[in-house]
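If you read the sequence from its start, that first residue is 1, and numbering goes on from there.
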Amino acid sequence: FSIAGADVEMQKAWEIEQGDPNITVCILDSGVKLDHPEFQGRLWTNTKEIAGNGLDDDDNGLIDDFYGWDFVNSDNDPTDDLGHGTNVAGITAASGNNNIGYAGVDWNCKVMAIKGIDANSSGFYSWWISGIYYAVDNGANVINMSLGGNSNSAILKDAINYAVDKGVVVVVCMMNTNSQNSFYPAAFPAVIAVGSTDPDDTRTAPFFWSASSGSNYGAHISVVAPGNFIFGLHYKSNTNYTSYWGGTSQATPLVAGIASLLLAQKPSRTPAEIKSIIQSTSEDQVGDPLEDIEGWDKYYGYGRVNAFKALSQILSLKDPLAKNEQAFVYPNPAKDILNFTLSETNTTYEYEINNQKKKKVSYGNVNSNSISII
């Protein structure tokens, strides 16, 4: 059953930000239905490559990689042959207000299609690693990885760290074994690791498709997001909107979409800042009180994400990892005194205050616990 408020307040978030075509989200998955009308005009293309001329125009070792690359079959057609990737891509980026289907989180970002899962829902780390490097080197701002393996890998971790060091946000699913077993790359510290909630805000256990399934948990979880009974796009049809999936795979692209909106709002944000904002604005203690305890916990992480709160943040301090570094006032006032807690005394922080129309109303430095908004 569902309860009111067990959502991410997406409609209110869209009043603040709907995305920017200069932001690219890589969907590293089973591919994408490239001709789907929800992605019309939204697909990333390699402008250094001339499509269909049989040449490697950009000298990256890949011929005609105009729409990305299929690392499963080593070709230039990252078309979905499973369905998983198309569903995931739609959650992040299906176009809004186009009188068809559903709206994804980000209505304007570009979608980079990288195929790293085959038609049997399997993949090798080598495919994923190659896909990560490709995405980063070709300008992706966010990478969604709704996949995972149970073996640790130093070279996979190196690829993740390469992405984050280059300013790319990596969002990864926790997986669905209803255990605290570590899967990778979710267990790597640099990523945003996402679990799933049901329509009643409890941790998903089980998903609709298996009584033994459930959203994984553990010391590496960052946040949770709605992930069960998620309707979406179909990989074999441009008009079928009746299919749905369930998994941390579906929760993850929702968070990736929020990350891309935060970058659209302020492109200079770092992966650490994006992660901090998403975590610090998540809603705590909304689920099962035996699991969702106050503060971070291993079942819900920092809580169920809230897109509106993430985009409504009005104070950004210089240290993105400081405790209580974000402050909120609802509704954003024209005049008020903003009180908050700084993590360190005798430290000066930079701040910027914007209204919900993204107009800067105040900025400067602060070393006290209040700011007068005039």
Side-chain angles (χ1 to χ4, degrees), residues 19-34 36 38-39 42-49 58 60 62 65-72 76-80 82 84-94 104-117 123 125-148 156 158-173 185-186 188 190-194 233 249-250 252-264 267 269 271 274-275:
D20 185 335
N22 294 310
I23 301 298
T24 297
V25 179
C26 169
I27 305 298
L28 205 171
D29 211 287
S30 63
V32 173
K33 193 176 193 304
L34 301 177
H36 202 290
E38 293 285 4
F39 303 130
R42 302 283 306 285
L43 295 177
W44 171 88
T45 57
N46 184 357
T47 58
K48 296 175 287 186
E49 196 75 23
D58 58 1
N60 67 353
L62 307 175
D65 56 318
F66 188 71
Y67 286 111
W69 195 255
D70 175 357
F71 288 98
V72 176
N76 59 14
D77 183 13
T79 295
D80 190 2
L82 173 64
H84 190 270
T86 299
N87 176 274
V88 165
I91 294 168
T92 295
V105 176
D106 189 316
W107 299 0
N108 295 299
C109 69
K110 288 294 190 292
V111 176
M112 179 188 290
I114 301 296
K115 185 170 175 61
I117 303 176
Y125 281 1
S126 59
W127 298 344
W128 305 352
I129 291 166
S130 296
I132 292 168
Y133 282 109
Y134 182 96
V136 175
D137 292 344
N138 284 279
N141 303 99
V142 179
I143 300 175
N144 186 91
M145 299 182 69
S146 290
L147 42 76
L156 179 58
D158 287 345
I160 294 292
N161 289 340
Y162 175 78
V164 174
D165 289 345
K166 294 287 188 179
V168 180
V169 181
V170 183
V171 191
V172 185
C173 71
F188 296 139
V191 308
I192 301 174
V194 183
L233 311 183
S249 284
Q250 279 59 53
T252 300
L254 193 157
V255 178
I258 295 173
S260 67
L261 291 182
L262 286 166
L263 285 172
R269 284 172 169 150
I274 296 293
K275 183 176 181 177

Can you name the nearest heavy-atom pair linking [X] to [Y], along with the distance?
| X | Y | value |
| --- | --- | --- |
| F71 | G131 | CE1-CA, 3.6 Å |
| A259 | I274 | CB-CG2, 3.7 Å |
| N60 | D58 | OD1-OD1, 2.9 Å |
| P78 | W69 | CB-O, 3.8 Å |
| C109 | A93 | SG-CB, 3.8 Å |
| A140 | V168 | O-CG2, 3.2 Å |

Quick one: does [X]'s side chain have a donor or acceptor within less than 3.5 Å of a partner on [Y]'s backbone?
| X | Y | result |
| --- | --- | --- |
| D65 | N76 | no |
| D106 | N108 | yes |
| T92 | P253 | yes |
| T24 | K110 | no |
| D20 | A264 | no |

Check against side chain to side chain contact (heavy atoms under 4.5 Å, CB included), F188 and V170: CA-CA 10 Å; F188 296 139; V170 183; over 6 Å; no

Gap separating the [atom1] atom of [X] from the [atom2] atom of [Y], nearest 0.5 angstrom:
| X | Y | atom1 | atom2 | value |
| --- | --- | --- | --- | --- |
| D29 | S249 | CG | OG | 7.0 Å |
| I91 | S146 | CD1 | OG | 7.5 Å |
| K115 | L28 | NZ | CG | 11.0 Å |
| K166 | D137 | NZ | CG | 7.5 Å |
| S30 | L147 | OG | CG | 9.5 Å |
| N144 | I114 | CG | CD1 | 12.5 Å |

Working for side-chain hydrogen bond (donor to acceptor under 3.5 Å, both in side chains), residues H36 and T86: CA-CA 9 Å; H36 202 290; T86 299; over 6 Å; no

If you define the side chain from C-beta out and look only at heavy atoms, does anything of [X] sit under 4.5 Å from [Y]?
| X | Y | value |
| --- | --- | --- |
| Q250 | V88 | yes |
| R269 | L263 | yes |
| I143 | V136 | yes |
| I129 | D158 | no |
| K33 | L233 | no |
| I192 | P271 | no |
| Y134 | L62 | yes |

Side chain to side chain contact (heavy atoms under 4.5 Å, CB included) partner of M145, the single match among I27, I132, T252, V171: I132

From CA spacing to verdict: side chain to side chain contact (heavy atoms under 4.5 Å, CB included), L254, V105: CA-CA 6 Å; L254 193 157; V105 176; 4.1 Å; yes

Crowding at OH, Y67 (>12 non-hydrogen neighbours, <6.0 Å): no

Partners passing ring-ring contact (aromatic ring centres under 6.0 Å, His included) against F66 (at least two apart in sequence or in another chain): none

ring-ring contact (aromatic ring centres under 6.0 Å, His included) against W128, all qualifying residues, sequence neighbours excluded: Y125

Trace of the side chain to side chain contact (heavy atoms under 4.5 Å, CB included) decision for W127 with V72: CA-CA 7 Å; W127 298 344; V72 176; 3.6 Å; yes

